[in-house]
Amino acid sequence: QVQLVESGGGLVQPGGSLRLSCAASGSIFSINTMGWYRQAPGKERELVARATSSGIINYADSVKARFTISRDNAKNTWYLQMNSLKPEDTAVYYCNAILIFQGNIWGPGTQVTVSS
């Protein structure tokens, strides 16, 4: 069984920065897509950013130019650098992976709160 775990969430003031990490463990053949989603109270879960093994990167319009996703394939780890954070970025952030042969896997989530 493959497991994902997020780290790096917390409380930050508007305009501040955080870096989230996601580490995958278990028996992994290959991770095709590494991504980040978030869900705010009362809202649907939404894609924040994702990166494929072929180098395709997608961002939500609301985070473009502020967030950056990166991959460390050798470590089965990926990151979300979040800059210029806004209160509307407050949400539970989930890492996600699409694995070859093993499908879609989610982490348990980490809380990010942006507040003064």
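Just the heavy atoms: all of them, side chains too, but no hydrogens, waters or symmetry mates, feed the values below.
Although no hydrogens or angles enter the test, the distance criterion places no donor-acceptor pair under 3.5 Å between the side chain of Arg50 and the main chain of Tyr59. Counting only distance, with no hydrogens or angles, the side chain of Ser62 and the backbone of Ala60 share no donor-acceptor pair below 3.5 Å. Glu6 places a side-chain N or O within 3.5 Å of a backbone atom of Gly109 that can act as its donor or acceptor partner. With hydrogens and angles disregarded, no donor-acceptor distance shorter than 3.5 Å links the side chain of Trp106 to the backbone of Cys95. Formation of a donor-acceptor pair under 3.5 Å by the Ser84 side chain with backbone atoms of Gly15 is not found in this model.
Taking CG from Leu20 and OG from Ser7, the interatomic distance works out to 8.0 Å, rounded to the nearest 0.5 Å. The line from CG of Leu47 to OH of Tyr94 is 14.5 Å long, rounded to the nearest 0.5 Å. Atom CG of Asn73 sits about 8.0 Å away from atom CD1 of Ile31, to the nearest 0.5 Å.
Crowding of Gln39 atom CD: a count of heavy atoms from other residues, nucleotides or ligands under 6.0 Å exceeding 12.
With contacts defined as side-chain heavy-atom distances shorter than 4.5 Å, the pair Thr52/Met34 does not qualify. Residues Ile69 and Ile57 are in side-chain contact: their nearest non-hydrogen atoms beyond the backbone lie under 4.5 Å apart.
Side-chain N/O atoms of Thr110 and Arg38 include no donor and acceptor closer than 3.5 Å.
For Phe29 and Phe101, the distance between ring centers is under 6.0 angstrom.
A cation-pi arrangement is found for Arg19 relative to Tyr79, the charged atom lying closer than 6.0 Å to the ring centre and inside a 45° cone about the ring normal.
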